[in-house]
Amino acid sequence: MSPVEKEVIRRKIAVIIENLKALEAVKDITIEEYRDDIYKRKATERLLQELIEAAIDINTHIIVQTGNRVPDDYFESFIKAGEYNIIPKYIAGKLAPSAGLRNRLVHEYDLLDHSRILEAVKIAEDLYPRYIKAIEDYL
């Protein structure tokens with residue numbers, strides 16, 4: 001990979017890191033506090049969306065740059081990243097469903113389950129630092 005491509009990926013990693021830090025503000029709030037604060041809800045939703053999209057962009061970029069075809073969908077971008085040993089398969093399998101969350105965040109705001117969003121924050125805090133390390137190791 002050329003340095004320019006690495007820089008693109010590192011900018012996306014920076015988005016993930018920044019959003020994980022911002023999500024720390026909601027990691028310990030109750031479902032009631034979350035549900036009652038529209039600003040926290042909307043900020044959390046947007047931060048998760050951007051974080052997931054940055055990872056999808058990274059996956060797709062590396063997959064294509066290594067001579068493979070573009071994944072059919074966002075979910076597959078994680079699966080293929082695992083299959084091509086960009087990230088460990090177990091991380092790929094656990095993160096792939098976040099593509100579905102990204103789609104729900106973008107397209108179905110009125111159908112969101114607040115408890116699932118807060119659960120997604122905890123999952124992101126656990127898995128995305130491992131994802132970042134795997135990408136950095138790959139680079």
Side-chain angles (χ1 to χ4, degrees):
M1 240 184 262
S2 72
V4 172
E5 292 159 340
K6 286 182 180 180
E7 188 55 37
V8 167
I9 292 167
R10 288 197 171 105
R11 279 197 307 271
K12 297 291 183 177
I13 288 172
V15 169
I16 295 171
I17 292 168
E18 179 180 49
N19 287 19
L20 284 172
K21 286 179 184 174
L23 285 168
E24 288 177 10
V26 296
K27 73 178 184 181
D28 294 323
I29 67 172
T30 66
I31 186 70
E32 292 79 17
E33 290 172 307
Y34 180 78
R35 187 179 49 238
D36 293 343
D37 189 331
I38 190 169
Y39 295 104
K40 282 186 181 164
R41 284 197 329 261
K42 296 302 179 187
T44 300
E45 292 167 7
R46 181 68 175 154
L47 290 165
L48 283 169
Q49 176 191 337
E50 288 180 352
L51 181 150
I52 295 164
E53 287 175 345
I56 291 166
D57 289 348
I58 290 168
N59 297 343
T60 303
H61 184 79
I62 294 174
I63 289 167
V64 170
Q65 290 298 322
T66 54
N68 297 290
R69 69 173 181 76
V70 175
D72 290 334
D73 56 36
Y74 299 147
F75 182 92
E76 188 181 46
S77 81
F78 287 100
I79 300 304
K80 292 296 183 188
E83 288 176 7
Y84 299 141
N85 296 314
I86 298 165
I87 60 176
K89 286 182 183 175
Y90 77 94
I91 292 176
K94 290 187 175 283
L95 286 179
S98 68
L101 173 61
R102 178 257 174 219
N103 291 338
R104 285 190 301 283
L105 290 169
V106 171
H107 300 294
E108 301 175 10
Y109 283 106
D110 58 337
L111 303 175
L112 294 175
D113 178 342
H114 299 310
S115 62
R116 288 185 127 188
I117 300 297
L118 288 177
E119 182 181 321
V121 170
K122 292 181 187 331
I123 291 169
E125 289 175 339
D126 176 45
L127 292 176
Y128 275 99
R130 293 190 226 175
Y131 172 85
I132 292 165
K133 181 174 181 341
I135 294 297
E136 287 289 354
D137 288 349
Y138 180 84
L139 295 177

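The shown structure was predicted, so the numbers you read here are calculated from the model rather than taken from an experiment.
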Flag the pair Ile62 / Tyr84 as yes when at least one side-chain heavy-atom distance between them is below 4.5 Å, and no otherwise. no
Looking at CD1 of Ile29 and CZ of Arg41, how far apart are the two atoms once the value is rounded to the nearest 0.5 Å? 10.0 Å
Could you walk me through whether Glu53 and Arg102 pass salt bridge (Lys or Arg N to Asp or Glu O under 4.0 Å), step by step? CA-CA 7 Å; Glu53 287 175 345; Arg102 178 257 174 219; 3.1 Å; yes
Would you say the side-chain atoms of Ser98 pair up with the backbone N or O of Leu101, donor to acceptor, closer than 3.5 Å? no
Under 3.5 Å, is there a donor on one side chain and an acceptor on the other for Thr60 and Tyr74? no
Do the non-hydrogen side-chain atoms of Leu95 and Ile52 ever get within less than 4.5 Å of each other? no
Within the 4.5 Å heavy-atom criterion, are Glu24 and Glu125 side-chain neighbours or not? yes
Decide yes or no for Leu118 and Lys27: does some side-chain heavy atom of the first lie under 4.5 Å from some side-chain heavy atom of the second? no
dist Arg130:CZ -> Ile135:CD1 (nearest 0.5 Å) comes out at 14.5 Å
Hey, mind stepping through Glu83 and Lys80 against salt bridge (Lys or Arg N to Asp or Glu O under 4.0 Å) and telling me if it holds? CA-CA 5 Å; Glu83 288 176 7; Lys80 292 296 183 188; 3.1 Å; yes
Report yes if the side chains of Leu48 and Leu105 come closer than 4.5 Å at any heavy-atom pair, otherwise no. yes
Heavy-atom check, side chain of Ile86 versus side chain of Tyr131, under 4.5 Å: no
Keeping the roles fixed (side chain from Asn19, backbone from Leu47), state whether a donor-acceptor pair exists under 3.5 Å. yes
Steps toward salt bridge (Lys or Arg N to Asp or Glu O under 4.0 Å) verdict (Lys40, Asp36): CA-CA 9 Å; Lys40 282 186 181 164; Asp36 293 343; over 6 Å; no
How far does NZ of Lys6 sit from CD of Glu136, to the nearest 0.5 angstrom? 9.5 Å
Would you indicate whether Lys133, at its atom NZ, is surrounded by more than 12 heavy atoms from other residues, nucleotides or ligands within a distance under 6.0 Å? no
State the CD1-OH distance between Ile17 and Tyr128, to the nearest 0.5 angstrom. 13.5 Å
Determine whether Ile87 and Tyr138 make a side-chain contact, defined as any pair of heavy atoms from C-beta on separated by less than 4.5 Å. no
Quick one: do Gln49 and Glu45 satisfy side-chain hydrogen bond (donor to acceptor under 3.5 Å, both in side chains)? Show the steps, please. CA-CA 6 Å; Gln49 176 191 337; Glu45 292 167 7; over 6 Å; no
Leu51 versus Val15: any side-chain heavy-atom pair under 4.5 Å? no
